[in-house]
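Just so you know, these numbers use all the heavy atoms, side chains as well, and skip hydrogens, waters and symmetry mates.
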Amino acid sequence: MRLFPRSALVALALVGLAFPAGAFGRGEALPEGVPMLVAKERMPAPGWALKQRELLDISAEATRLMDRLCFRKDGFFKGTYEHGGGNLAPDDVFEFAGKGPLLYALGADEFVLEQWWRMFRASLRQCGEKGNGIFVNDMCKYLDWHHNAEHYQSFWTAALCMAEDPLYRELLLKFAGFFDGTNPKAPNYDPEKKVMRSMLTGGAGPILQAERKHWDARRGPFWDAWLECGHDGPVNLVTTNWGTLAYMLTGEAWRKRRTLEYLDAWRERARANGGIIPSIVDNSGAVPKEWWGGVMGWNFLPFGGLFQVSSGPRAGWANALLLTGDSSYYDSLRTMADGAWKNRKTDKRGILYLPRYLNDKGWFGRMGDNSMEGIYANVRANVWLATMKKEDLARSLECTIEGRAGHEDFHEGGLEGRWIRFLQGDNPEWPEKALDDNLARVRRQIDWLGKHLDDPKLREDGPDLWIQWRVGAGYCASLVQGMTGGVMPLWHGQLLMSRFRYLDPARRRPGIPPDCAALVDSLSNDHASVTLVNLHPKESREVLVQAGAYAEHRFLRVIPDGGKPREVEGGLFAVRLDPGAGKRYRVEMKRYANSPTLALPWTRK
């Protein structure tokens, strides 16, 4: 049901963020019934806390510089938007300018979210029917869901902050309809066969037989291997982000059922294939004999193998876990990682490496291609964080191969092993080292952006160079892992999976309050330990702590270090931190015990 006429929504979009009144003002009280703990003892300011605050601050500074160089005041991109999966496509602009919603959800200045929303709304006009025409029905007309997910990852993350915005709500439900079989304008999903009809889908519907122009005409023969795309593949599992978020927004049971029907169909296909997820399903719902085939499949060179085949299940199984609490969905991810590890090799230089591709003759190739070494570590981390099983922890820790997942200068992920060792008490320097790394990267972004703003010769081509050189704005893996106890969502599509989320009850907004910091130092199936700090020397702060990014967990008891246990059964507790105070808490919980929701605490009924 439309909450406002379309004309009213567009008007709201043009004037700015349509946040509910008081979203950035002071609130009056905590939500009713939320237990309050008080930390009075002063704590010397930890180095990690000071660096967390600095990273939040300078990421906002980088975003301001990026906005000045690359975007007009109305949000239009100053550079070039082109269709396709290459440089200058909308997916790349949002891939490198899309950290705003996540940074805001962590506690950064509201500008980072305002800038992203202005940019996103402007893209609907810039790329729409009256623009360059590469969007249909407000969405990229058709593209694969590796690149499309790069585009919409920031939109999915914005659900943490914008569930009350009327235009955001309308777009979320509209886009979800393109992938649940309910919108005839974009019949991408067949609910009877439980397949996405193509590897090229979007606002214009599926492309069953592609031409080069459907992918990216400028790159010519490169795309010839991609033309037979009228089938389903694992990367399409990322589209279940739409249905999962739509369910969290509305609570409508049919959305949960439809999403799980598709996820369950893929789980059964993996089980029937010896535990290995196949990479092609035809439009009848059958898995072909050559199950390793298909666009971006196990045997698809150079843009397939473990990297692409794991990306959709990593997102899809996270959604299944949120919706059901059943971690057995991750079995196929564990199986593919086990297969890669079993077939590891050592090259002539004595360097250990993992294979990337798979067909009827076995595993082959090398994950080192295209800086993909970190994908394996990220898969292992996701499995362990979902199951909390000792054997999955052991599998994660046994791998000595480390590397970033994706483009070295901007993408985040792949170094989870260092963080997991910290959680086991074996890498105490990790918090500050990880923050130092992120701070150095943001400072380089600021230097590059500042230089191009100051030099007229560089400024003219700056927006397109910013994309081609993958400069980006903001860096926050150390914050996601350290503050929330969650894994950093990879750039090609995943909802935030975390133990904690912080909100500011005084300003009634997401994110940890000013001057505050948090560090999670241990995780188990039934507890997590977190230290909360207030760095302000004269003012107290109140922090609202939520059980998971979507209130999907249930708190049972909080035990302050040196204090008495406090029963806090529910999804929230609050801590008042006196000036300069800090305290470590052991929080006992039941994971995935609640239905996930996008509603913020002060809007819940």
Side-chain angles (χ1 to χ4, degrees), residues 270 275-277 305-307 309-311 313-318 320-321 326-346 351-356 363 367-368 371-406 411-431 433-434 437 477-478 480-490 494-499 519-529 591-592:
I276 300 174
I277 195 164
L306 183 63
F307 174 26
V309 175
S310 67
S311 65
R314 185 167 44 237
W317 301 155
L321 182 59
D326 182 0
S327 65
S328 70
Y329 282 90
Y330 282 78
D331 290 350
S332 62
L333 270 179
R334 183 190 300 109
T335 298
M336 68 171 72
D338 285 350
W341 182 250
K342 183 179 179 180
N343 288 275
R344 63 193 182 276
K345 295 182 179 180
T346 303
I351 298 174
L352 184 69
Y353 70 92
L354 297 172
R356 176 171 177 174
W363 288 86
M367 282 297 289
S371 301
M372 288 297 108
E373 297 96 332
I375 291 296
Y376 175 87
N378 184 266
V379 169
R380 286 298 198 197
N382 272 271
V383 174
W384 174 62
L385 290 165
T387 69
M388 284 282 112
K389 292 181 177 179
K390 291 181 179 179
E391 53 266 37
D392 288 322
L393 173 62
R395 287 177 169 100
S396 182
L397 293 175
E398 73 180 338
C399 180
T400 58
I401 299 172
E402 285 194 329
R404 297 187 185 275
H411 287 149
E412 305 193 61
L415 301 178
E416 288 83 4
R418 301 175 184 179
W419 168 53
I420 293 173
R421 289 195 293 276
F422 163 72
L423 293 173
Q424 308 312 307
D426 295 333
N427 187 15
E429 298 84 12
W430 174 83
K433 284 187 176 181
D437 174 85
S478 61
V480 171
Q481 294 165 349
M483 293 175 69
T484 76
V487 66
M488 177 70 188
L490 287 195
Q494 186 179 6
L495 302 188
L496 177 62
M497 305 294 283
S498 70
R499 288 300 184 93
L519 181 65
V520 177
D521 62 40
S522 71
L523 295 175
S524 78
N525 186 50
D526 58 7
H527 91 275
S529 294
R591 299 189 309 132
Y592 303 103

Spatial distance of atom [atom1] ([X]) from atom [atom2] ([Y]) [nearest 0.5 Å]:
X: Lys433; Y: Asn427; atom1: NZ; atom2: CG; result: 7.0 Å
X: Tyr330; Y: Thr387; atom1: OH; atom2: OG1; result: 9.5 Å
X: Phe307; Y: Leu490; atom1: CZ; atom2: CG; result: 8.0 Å
X: Trp363; Y: Leu354; atom1: CH2; atom2: CG; result: 9.0 Å
X: Leu495; Y: Leu321; atom1: CG; atom2: CG; result: 11.0 Å
X: Leu523; Y: Ile420; atom1: CG; atom2: CD1; result: 9.5 Å

[X]: which residues meet the side chain to side chain donor-acceptor pair (under 3.5 Å) condition with it, sequence neighbours left out?
X: Gln481; answer: none
X: Arg421; answer: Glu402
X: Arg380; answer: Asp338, Tyr376

Could you tell me which non-hydrogen atom of [X] sits nearest to which non-hydrogen atom of [Y], and how far apart they are?
X: His527; Y: Ser522; value: NE2-OG, 3.4 Å
X: Pro428; Y: Pro431; value: O-CD, 3.4 Å
X: Met388; Y: Leu385; value: CE-CA, 3.7 Å
X: Ser327; Y: Ala386; value: CB-O, 3.7 Å
X: Ser332; Y: Trp317; value: OG-NE1, 3.1 Å
X: Ala377; Y: Glu416; value: C-OE1, 4.0 Å

Does [X] reach the side chain of [Y], with side-chain heavy atoms less than 4.5 Å apart?
X: Met336; Y: Val309; result: yes
X: Glu412; Y: Val480; result: no
X: Val520; Y: Arg499; result: no

Under the 3.5 angstrom rule, does the side chain of Ser396 hit a backbone N or O of Asp392 as a donor-acceptor pair?
-> no

Exam field: side chain Asn343 to backbone Gly339, donor-acceptor pair closer than 3.5 Å = yes

Check against side chain to side chain contact (heavy atoms under 4.5 Å, CB included), Leu333 and Ser310 = CA-CA 7 Å; Leu333 270 179; Ser310 67; 4.1 Å; yes

